[in-house]
Amino acid sequence: MADKEVKPNLNEASTQDAQLAAESIASGQEKAPTVDFDADYAAAQKFSVSEVDRTDKGAAAAESATAPKYQTSKPQETKTQTQSTGNPDDFLESAKEVGNSQTGGATNVSDDLVKQALEKGERQN
């Protein structure tokens, strides 16, 4: 990408200094700055990785900085099997609960619905 000349807009100057600079450029007292995007991008790439990060010492420092501080347990796989009752009415009842929704599963949450959910979520002794 070639050099691009900055064209200041007096109406968009956010500070008095910016407005004075824009007026000076517009009147011809000062030359408008140019921006070389390619050169700026290349310079930014040099700063994106420090010199120490390009060595084994930097890799070791990064490894220790990102190492987990606590041990975590591995999850145990559990298998859940449903008991088949052989009674089709059990399936039909749950299908009615799911299928009767006019809104396709979306519903309004009421106080009664929250109360029912809390009651169902309580442990049974």
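Residue indices begin at 1 and follow the sequence shown. Just so you know, these numbers come straight off a predicted model, no measurement behind them. Because only heavy atoms are used, hydrogens play no part in the values below, and waters and symmetry mates are left out as well, while side chains stay in.
Rounded to the nearest 0.5 Å, atoms CD1 (Ile25) and CG (Leu20) are 11.0 Å apart. The OG atom of Ser48 sits 11.5 Å away from the NZ atom of Lys46 when rounded to the nearest 0.5 Å. Lys57 contributes atom NZ, which lies 13.5 Å from atom CD of Glu51 (distance to the nearest 0.5 angstrom).
Counting non-hydrogen atoms of other residues, nucleotides and ligands closer than 6.0 Å to CD of Gln16 gives a total of 12 or fewer.
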Test side chain to side chain contact (heavy atoms under 4.5 Å, CB included) applied to Leu113 and Gln116, step by step
CA-CA 5 Å; Leu113 188 61; Gln116 288 176 359; 4.0 Å; yes

